[in-house]
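Because the structure is a prediction, the values reported are computed rather than measured. Chain letters run A, B, ... following the sequence lines, proteins first and then strands; every chain starts at 1.
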2 protein chains.
Amino acid sequence: MSVLSQRADDALPAFDRAMEAQARRRLDSLTKPQGSLGRLEDIAAWMCGWQQTLTPRTEKAYTIVFAGNHGVTKQGVSAFPSAVTAQMVANFAAGGAAINQLCNAIPSTLRVIPLSLEKPTRDFTEAPAMSAEECAEAFEIGKQAVPADADILILGEMGIGNTTAAAAVAHAVVGGNPEDWVGAGTGVNPQALAHKREVVADAVRLHRSAMIDALSTLQHVGGRELVAMAGAIWQARRQRIPVILDGYVVTAAAVPLCLDAPDALAHCLAGHLSVEPGHRRLLEWLGTKPVLELGMRLGEGSGAQVALAVVRAAVATFTHMATFAEAAVATKEA
Amino acid sequence: MSVLSQRADDALPAFDRAMEAQARRRLDSLTKPQGSLGRLEDIAAWMCGWQQTLTPRTEKAYTIVFAGNHGVTKQGVSAFPSAVTAQMVANFAAGGAAINQLCNAIPSTLRVIPLSLEKPTRDFTEAPAMSAEECAEAFEIGKQAVPADADILILGEMGIGNTTAAAAVAHAVVGGNPEDWVGAGTGVNPQALAHKREVVADAVRLHRSAMIDALSTLQHVGGRELVAMAGAIWQARRQRIPVILDGYVVTAAAVPLCLDAPDALAHCLAGHLSVEPGHRRLLEWLGTKPVLELGMRLGEGSGAQVALAVVRAAVATFTHMATFAEAAVATKEA
């Protein structure tokens, strides 16, 4: 079952290249050497192309953190106990986590959506992580979570064990060797890391023939929060809302969508490069360059949230700078 | 004449390693895997060590842009006419430049200090750029520009021709070949670029024996805005105010201080990596890693200003996150 339905109104909106070209012309008229704002110029033009305007907006930013629990933790793949997922959700509600402070420092409305934490997914070395119905339900929750008035969406996650799910999804979608995709996550020891690799290899081997598109992949070796993030990304695209992806788990949740539509993630910006080694490989596979490289590996949307500051800087310069003509500054050619 | 006087109260304050260690202990107690905020943790601990507190502050940020004109422009080393320096100062005053928008988006008090724009420095292929008195005056202006109440200082510059001065200073201080230090600046053509290399080589050859410390180097092949930035950096150190350096010109203004005191720039953070190729070499020589790599090459303090958002994110997480104990979250070891 492809995410793309047969209904015409379900088609993916395309990037507006004509609007991007207009934005580039404006950028070249502003009081700076052409191209001298580098990535800020690219981001501003990209925002214009998706929002279809020369006055892109980032004021209404929403940071949505999906949380899920994972049956595969019984394999000893994480340094923290599963109970930490719910404890961290309580910490988000109390305002004590990293993402709370980052959403205050770089203003964004934080929403945390726990997904049946009391009912972890199944251990995917033994059975599909979810039923097709559970997967469809989580995808729908992700779609519904996207606010109609969002200017930009930041996605994050919390789920003890979910770098194992991310590695399995990445391995299933991109291929390569299991060790390419498995890192230390929250910090397992070398022995546990070796076992984590086996777990990922076994899971993908077990379910390979059943993983044929985005939802079937996420259903078999993903987790509820990964599925919900994929749903949110899909819905954001339908609404032309730019998305900032966080680290390894968010990116792994996103890439299966490319199985259903090759350019499904064109409206997504890679907010940062995680230390988790598989993340670099996923971004290379996507052919995208992260905005930030700050050695982060926390999740919660934290790296993407910091990248929001860069997007706002890009939009601020694009929107409010004077042109050479307005400021009576001589151009190179004058 | 060394910048360091013989007076005891002029000695450079040292980084507080004990406070840094306390900050690291707090970081390890916060609700996240240890080290998972990466560079944000390093920056927070660094702020604590310089400000000598576990409640570092960034609210009172000042962005100071020094502007100067350069006699060497008569050699045709810049793509823009010299008149643009004063035109851009007017643009700063009118609020139309990139740095104005960035200081609004990432709040900071912008101050622009033009330095005798009507009297460019001399063409340093023929004579020292400044007299010793002119140099001392510009250094003093830079020192006086540092507000007593600043929590953090962002430095920027404007000066048509000043990447040529920056290249000459970098070549004089670090050595290497002239071509290592010369890039396209605001965008000169290949022929002008080749001439720019000769200009830098000639200037350093002409003045080599006279350039023995920070001020004599900046006097002979620098420019007034470079000298003033060096003064501001030196004064900030005396006040224990952390500084965010911008790109190639700001960094080139800073490095001669290492001739007078090897750790003179320990209180400085490299805000970003400029596209100007010499900048990477200067940062490598300093043994420091830029916070951002956004392909920027504008100057005005623009890259450093974006980096202020990262510093604020670092301080926000450090200051306000809950500890494992406060949030009743299980630790790895529990």
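Heavy-atom neighbours of Arg26(B) CZ from other residues, nucleotides or ligands within 6.0 Å: above the threshold of 12. Atom CD of Glu118(B) has more than 12 neighbouring heavy atoms from other residues, nucleotides or ligands inside a 6.0 Å radius. The environment of Arg281(A) atom CZ is dense: over 12 non-hydrogen atoms of other residues, nucleotides or ligands sit within 6.0 angstrom.
Taking CD of Gln101(A) as the reference point, atom CG of Leu30(B) lies at 9.5 Å (rounded to 0.5 Å). Here Met321(A) contributes atom CE and Leu102(B) contributes atom CG; the two are 8.5 Å apart, rounded to the nearest 0.5 Å.
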Which pairs would a plain distance check flag for residues 86-96 of chain B, meaning a side-chain donor or acceptor within less than 3.5 Å of a matching protein atom at least two apart in sequence or in another chain?
residue: Gln87(B); atom: OE1; partner: Ala330(A); partner atom: N; Å: 2.8
residue: Asn91(B); atom: ND2; partner: Thr31(A); partner atom: OG1; Å: 2.9

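Of all heavy-atom pairs between Pro33(A) and Leu298(B), the closest is CD-CD1, 3.6 Å. Across Gln34(B) and Arg297(A), no two heavy atoms sit closer than the pair O-NH2, 2.7 Å.
Thr331(A) is not listed as a side-chain neighbour of Val84(B), based on a closest heavy-atom distance of 4.5 Å or more.
Counting only residues at least two apart or on different chains, no salt bridge (charged side-chain N to carboxylate O under 4.0 Å, His left out) pair has a member in residues 81-109 of chain B.
For a residue to count as touching a neighbouring chain, one of its non-hydrogen atoms must lie under 4.5 Å from one of that chain's; by this rule Leu292(A) touches chain B with the side chain only. Within the 4.5 angstrom heavy-atom criterion, atoms from both the backbone and the side chain of Val329(A) approach chain B. With a 4.5 Å cut-off on non-hydrogen atoms, Val291(B) touches chain A through its backbone and its side chain both.
Residues of residues 35-45 of chain B placed with any heavy atom under 4.5 Å of a heavy atom in chain A are listed by number as Gly35(B), Ser36(B), Leu37(B), Gly38(B), Arg39(B), Leu40(B).
For Glu293(A), the salt bridge (Lys or Arg N to Asp or Glu O under 4.0 Å) test picks out no residue, with sequence neighbours left out.
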